[in-house]
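Numbering of residues begins at 1 and proceeds along the displayed sequence.
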Amino acid sequence: MAFKPLHDRVLVRRIQSEDKTKGGLIIPDTAKEKPAEGEIVSVGEGARKDSGELIAPSVKAGDRVLFGKWSGTEVTLNGEELLIMKESDILGIIG
């Protein structure tokens, strides 16, 4: 992809949730919530301290992460819906 986020921002692709519950019930599209899990597509160079020193990001491309329900800004790049968010909006990395 030819897009690189600036500073401490990351580009995230949502990972689609299951269409069925564990009990086997099918969830219709109208009842589904947007998933709060995604894969990092691209990472900026990191934030800067007041002294100008670069703080390296904690995530890298390919990491699976959890983020808040209302985190990020939705954008469409090359026909694909992605999220741009600050690294601080990421709640954790899925091992």
Subject >> Min side-chain heavy-atom separation V10-M85 under 4.5 Å >> reply: yes

**OP:** Could you point out which residue of V12, V65, I15 forms a side chain to side chain contact (heavy atoms under 4.5 Å, CB included) with E37?
**Re:** I15

Original post:
Quick one: are E53 and R48 in side-chain contact, heavy atoms under 4.5 Å?
Top reply: no

Subject >> Point-to-point distance, once rounded to the nearest 0.5 Å, from CD1 of I55 to CD of E45 >> reply: 12.0 Å

**OP:** Any chance you could measure S42, atom OG, to R9, atom CZ, to the nearest 0.5 Å?
**Re:** 13.0 Å

Original post:
So, the side chain of E87 versus the backbone of S58: is there a donor-acceptor pair under 3.5 Å, distance only?
Top reply: yes

Original post:
Can you name the nearest heavy-atom pair linking L83 to S71, along with the distance?
Top reply: CD2-O, 4.1 Å

**OP:** Output the distance between atom OG1 (T73) and atom CG (L82), rounded to the nearest 0.5 Å.
**Re:** 12.0 Å

**OP:** Apply salt bridge (Lys or Arg N to Asp or Glu O under 4.0 Å) to the pair D89 and K86, showing each step before the final yes or no.
**Re:** CA-CA 5 Å; D89 290 340; K86 286 193 165 269; over 6 Å; no

**OP:** For the pair K4 (side chain) and V43 (backbone), establish whether a donor and an acceptor sit closer than 3.5 Å, ignoring hydrogens and angles.
**Re:** yes

Subject >> ILVMFWY cluster, V75 and V41 together (side-chain gap under 4.5 Å) >> reply: yes

Subject >> Close side-chain approach of I40 and K60, heavy atoms under 4.5 Å >> reply: no

Subject >> Verdict with reasoning, R14 to E81, per salt bridge (Lys or Arg N to Asp or Glu O under 4.0 Å) >> reply: CA-CA 8 Å; R14 287 186 194 266; E81 288 189 21; over 6 Å; no

Subject >> Check against side chain to side chain contact (heavy atoms under 4.5 Å, CB included), I84 and F3 >> reply: CA-CA 11 Å; I84 298 175; F3 180 82; 3.6 Å; yes

